[in-house]
Amino acid sequence: MPTAGRLTAALALAVLGAYLAYLTSPLFKEGSLPSYWWPLCILCGVWAGWVVMGKRAGRGYSAAVGNGFTGMAAMVFWILFLLSGVDMLRKSMRRSYDGPVEAVIDVFQITVENAQTFATQPVIVALIVGAIGAAFFSEFYAKRFP
């Protein structure tokens, strides 16, 4: 059911996802920035805000901080996992794998490599501050407009 908490959480994490896309775009190898990078980050933010953060909004500001970190972690997980899944599909179309199990295992290896690439100080600080800000933002509106 749509609530003000869900809507504001989705908007806040969409903005955080867009900022994450902006910060991480230069971290890709030259010429390898996917065309779907910005929409992926924004849509994962909308999803994590609506489903993860939004349904828990309205339980108090102390719970909101944990809620914000949970939503941010879900957003980052799905961004990395979907990015790695697309990379795995590209490699599998070039017949880089001997079987499907090897391809599935490589998704997780690519996810770890991408996480290490994106784990810079500005990105981590932006995620932490953004998660707390998004949590307080959604909590404020969830309490005012139930």
Side-chain angles (χ1 to χ4, degrees), residues 1-29 32-93 97 99-146:
M1 178 157 161
T3 61
R6 282 183 185 246
L7 179 63
T8 55
L11 289 174
L13 282 188
V15 169
L16 181 60
Y19 189 61
L20 176 68
Y22 171 76
L23 285 178
T24 56
S25 292
L27 300 176
F28 283 94
K29 295 175 186 167
S32 68
L33 178 67
S35 61
Y36 57 86
W37 180 240
W38 281 75
L40 174 70
C41 291
I42 293 170
L43 290 176
C44 285
V46 168
W47 176 85
W50 188 270
V51 174
V52 178
M53 274 183 66
K55 73 178 182 180
R56 297 179 187 154
R59 298 181 182 173
Y61 285 100
S62 59
V65 174
N67 189 15
F69 284 123
T70 303
M72 179 267 301
M75 177 184 72
V76 169
F77 170 78
W78 283 108
I79 288 170
L80 289 173
F81 189 72
L82 292 172
L83 178 67
S84 303
V86 171
D87 286 348
M88 181 273 298
L89 286 174
R90 275 199 193 112
K91 286 183 179 180
S92 68
M93 293 299 171
Y97 302 116
V101 174
E102 186 180 342
V104 171
I105 291 171
D106 196 40
V107 168
F108 296 103
Q109 292 172 344
I110 296 170
T111 301
V112 170
E113 291 170 7
N114 286 336
Q116 290 172 344
T117 301
F118 298 145
T120 62
Q121 183 181 4
V123 171
I124 293 171
V125 169
L127 287 173
I128 291 171
V129 171
I132 294 170
F136 285 159
F137 184 66
S138 66
E139 186 66 27
F140 176 80
Y141 282 101
K143 289 213 180 247
R144 300 307 182 274
F145 305 101

What pairs with F77 under ring-ring contact (aromatic ring centres under 6.0 Å, His included), at least two apart in sequence or on another chain? F81
Is any side-chain heavy atom of Y141 closer than 4.5 Å to a side-chain heavy atom of T3? no
Got a donor-acceptor contact below 3.5 angstrom from the E139 side chain to the A57 backbone? no
Closest approach of M75 to L127 (non-hydrogen atoms, all atoms of both residues): CE-CD2, 4.2 Å
Report yes if the side chains of W38 and S25 come closer than 4.5 Å at any heavy-atom pair, otherwise no. yes
Exceeds 12 heavy-atom contacts within 6.0 angstrom, atom CH2 of W78: no
Within a radius of less than 6.0 Å around OH of Y97, do more than 12 heavy atoms belonging to other residues, nucleotides or ligands occur? yes
Please list all pairs meeting ring-ring contact (aromatic ring centres under 6.0 Å, His included) that have one or both residues in residues 49-74, counting only residues at least two apart or in different chains. Y61-F136
Could you list all the salt bridge (Lys or Arg N to Asp or Glu O under 4.0 Å) pairs where at least one residue sits in residues 120-138, not counting sequence neighbours? none
With sequence neighbours left out, write down each residue that passes side-chain contact (heavy atoms from CB on, under 4.5 Å) with S62, or none if nothing qualifies. none
Do L13 and L16 have side-chain heavy atoms sitting under 4.5 Å apart? yes
Measure across M72 and A131 and return the closest heavy-atom pair with its distance rounded to 0.1 Å. CB-CB, 3.7 Å
Which residues satisfy the salt bridge (Lys or Arg N to Asp or Glu O under 4.0 Å) test with R144, sequence neighbours excluded? none
A63: which residues meet the side-chain contact (heavy atoms from CB on, under 4.5 Å) condition with it, sequence neighbours left out? R59
Can you list everything that forms a side-chain contact (heavy atoms from CB on, under 4.5 Å) with A73? Sequence neighbours excluded, please. none
For residues 62-89, the salt bridge (Lys or Arg N to Asp or Glu O under 4.0 Å) pairs (sequence neighbours left out) are D87-R90
What donor-acceptor contacts under 3.5 angstrom involve side-chain atoms of residues 108-123, with partners at least two apart or in another chain?
residue: T111; atom: OG1; partner: S84; partner atom: OG; Å: 3.0
residue: T111; atom: OG1; partner: V107; partner atom: O; Å: 2.8
residue: N114; atom: ND2; partner: S84; partner atom: OG; Å: 3.3
residue: N114; atom: ND2; partner: I110; partner atom: O; Å: 3.4
residue: T117; atom: OG1; partner: E113; partner atom: O; Å: 2.9

For M88 versus A103, what's the shortest heavy-atom pair and its separation? CG-O, 3.3 Å
If the condition is side-chain contact (heavy atoms from CB on, under 4.5 Å), which residues does V52 pass it with, not counting sequence neighbours? W47, R56, T70, A74
Taking salt bridge (Lys or Arg N to Asp or Glu O under 4.0 Å) as the definition, give me every residue that meets it alongside K55, ordered by chain and number, with sequence neighbours left out. none
What pair of heavy atoms forms the shortest contact from G5 to A142, and how long is it? CA-CB, 3.8 Å
Under 3.5 Å donor-acceptor, T24 side chain and L20 backbone: yes
I need the minimum non-hydrogen distance between A126 and L23, along with the two atoms involved. CB-CD1, 3.6 Å
Rounded to the nearest 0.5 Å, what's the gap from CG on L11 to CZ on F137? Could you check? 6.5 Å
Looking at Y36, I'd like to know if its OH atom is crowded, meaning that more than 12 non-hydrogen atoms belonging to other residues, nucleotides or ligands lie closer than 6.0 Å. yes
